[in-house]
Amino acid sequence: MIPKSHPRYKSLITRNLIAEGYEKGIVHITGLIAHGRGEAFDYLLGEKTHKFAQRAALACAAWLAVAKKPVISVNGNVAVLAGKEIVKLAKESGAIMEVNLFHRSEERIRKIIKLLEEEGGEKILGLEGDARIRGLEHARAICSYEGIYSSDVVLVPLEDGDRCEALKKMGKVVLTIDLNPLSRTARNADVTIVDNITRAIPNIRRKYKKLEKPKEIIKEWDNKKNLQDALNFICRRLRYIYKRGLFSDL
Ligand code: PTJ
């Protein structure tokens with residue numbers, strides 16, 4: 001039991017979710033490594049949602065609103081960290097949920113679908129595996145025809161860079177959530193929310209509910225500039241701490 005008074009309570013609880021998810025066979029073992037990388041970047045961000053993440057969440061909501069066939073891709077980490085919120089976002093935005101795994105296994109897909117159904121999710125795709133993401137080899141290319149394959153806009157949080165690129169080449173609008181602004185996924189997506197998924201999904205939902213003039217938001221969106229803002233923030237923060245020797249503040 002982690003005491004609520006622990007200064008890193010939230011972070012430790014989130015870490016436990018990932019560890020339990022692994023023990024239940026939902027999170028892939030490499031999901032633990034991916035989580036650690038995410039934690040490191042969240043540390044640099046001060047574990048807060050910044051303006052650049054707010055702006056990207058708004059752009060993401062705008063794309064979900066104008067999409068003809070929006071799909072939200074769910075992997076092991078996403079399911080345990082934000083399953084409940086993803087189900088709500090899918091319902092509110094009319095998006096289809098597809099369990100789409102990098103390390104594909106039917107057993108894990110079934111477990112993730114069950115988890116999402118327990119949170120109220122319906123008609124979750126993933127098991128069909130009747131289409132392929134073009135340009136990728138092996139099982140990581142498999143997807144659902146009715147889901148990712150025929151989508152126009154796809155939200156792929158915590159995604160692998162190769163698959164993000166392949167989805168772009170298929171002509172999809174790719175929205176992502178990635179704490180690492182330097183990752184290939186972050187740099188290739190149309191909208192990158194540099195924030196923790198635990199904060200980002202509720203944030204997209206808030207923006208979606210109050211959304212006005214989505215087409216204008218999309219027209220003005222500049223993902224590269226926004227990513228640069230995220231990087232600049234991290235650099236400024238590190239420089240500030242370095243200059244003042246306030247290492248305990250980091
Ligand atoms: O369940 P599977 O088989 O589909 O596998 C899922 C993982 C995450 C293991 C797989 O997609 C993978 O290996 O991803 P990568 O290439 O490690 O990329 C994950 C990205 O997500 C990294 O850039 C991390 O910094 C970032 N990340 C990790 N945790 C979070 C995060 N971003 C936002 N919120 C997080 N909590």
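Values below: every heavy atom of this structure, side chains too, minus hydrogens, waters and symmetry copies. These numbers come from a predicted model, not from an experiment. In listed order, ligands and their atoms are each counted from 1.
Side chains of Ser151 and Lys172 form a contact here, defined as non-hydrogen atoms less than 4.5 Å apart. A 4.5 Å side-chain heavy-atom check between Tyr240 and Arg236 finds every atom pair outside the cut-off. Counting heavy atoms from C-beta outward, Arg206 and Gln54 have side chains that stay 4.5 Å or more apart. Residues Val71 and Asn100 are not in side-chain contact: their nearest non-hydrogen atoms beyond the backbone lie 4.5 Å or more apart.
Within ligand 1, counting atoms from 1 as listed, the ones closer than 4.0 Å to a heavy atom of Asp195 are 33 (C), 34 (N). Close contacts between ligand 1 and Gly31 involve ligand atoms 9 (C) [criterion: under 4.0 Å to a heavy atom]. In summary, the atoms of ligand 1 found under 4.0 Å from a heavy atom of Gly38, numbered by their order in the structure, are 25 (O), 27 (N), 28 (C), 29 (N). Interface atoms of ligand 1 facing Glu159, defined by a heavy-atom separation under 4.0 Å, are 18 (O). Every atom of ligand 1 with a heavy atom of Ala34 under 4.0 Å away is listed here by number and element: 8 (C), 17 (O), 24 (C), 28 (C), 29 (N). Counting atoms of ligand 1 from 1 in the listed order, those under 4.0 Å from a heavy atom of Leu101 are 1 (O), 3 (O), 4 (O). Annotation for ligand 1: atoms under 4.0 Å from non-hydrogen atoms of Gly76 are 1 (O). Residue-ligand proximity, Leu81 to ligand 1, at heavy-atom distances under 4.0 Å covers atoms 36 (N).
Distance screen at 4.0 Å: atom 33 (C) of ligand 1 has a protein heavy-atom neighbour inside the cut-off. Shown here, atom 13 (O) of ligand 1 is out of close reach of the protein: none of its heavy atoms lies under 4.0 Å off.
In this structure, Glu39 pairs ionically with Arg15, as a charged nitrogen and a carboxylate oxygen lie closer than 4.0 Å.
Polar contact with ligand 1: present for Leu179 (N/O pair, distance under 3.5 Å). Annotation: Phe41 places no N or O atom under 3.5 Å from an N or O atom of ligand 1; distance criterion only. At least one N or O atom of His103, backbone or side chain, sits closer than 3.5 Å to an N or O atom of ligand 1. At a 3.5 angstrom cut-off on N or O pairs, Ile197 counts as close to ligand 1. No N or O atom of His35 sits closer than 3.5 Å to an N or O atom of ligand 1.
In this structure, atom 36 (N) of ligand 1 lies nearest to the protein heavy atom Asn196 OD1, 3.0 Å. Annotation: atom 22 (C) of ligand 1 to nearest protein heavy atom, Asp178 OD1, 3.7 Å. The single protein non-hydrogen atom nearest to atom 7 (C) of ligand 1 is Asn75 ND2, 4.4 Å, given as residue, atom name and distance.
Only the side chain of Arg108 comes within 4.0 Å of ligand 1, judged by heavy-atom distances.
Ring geometry for His50 against Phe233 counts as tilted: the plane angle lies between 30° and 60°, on a 0 to 90° scale.
Ser150 approaches Tyr145 most closely through the heavy-atom pair OG-O, 2.6 Å.
For the residue pair Ser183/Asp178, the side-chain donor-acceptor check at 3.5 Å is satisfied.
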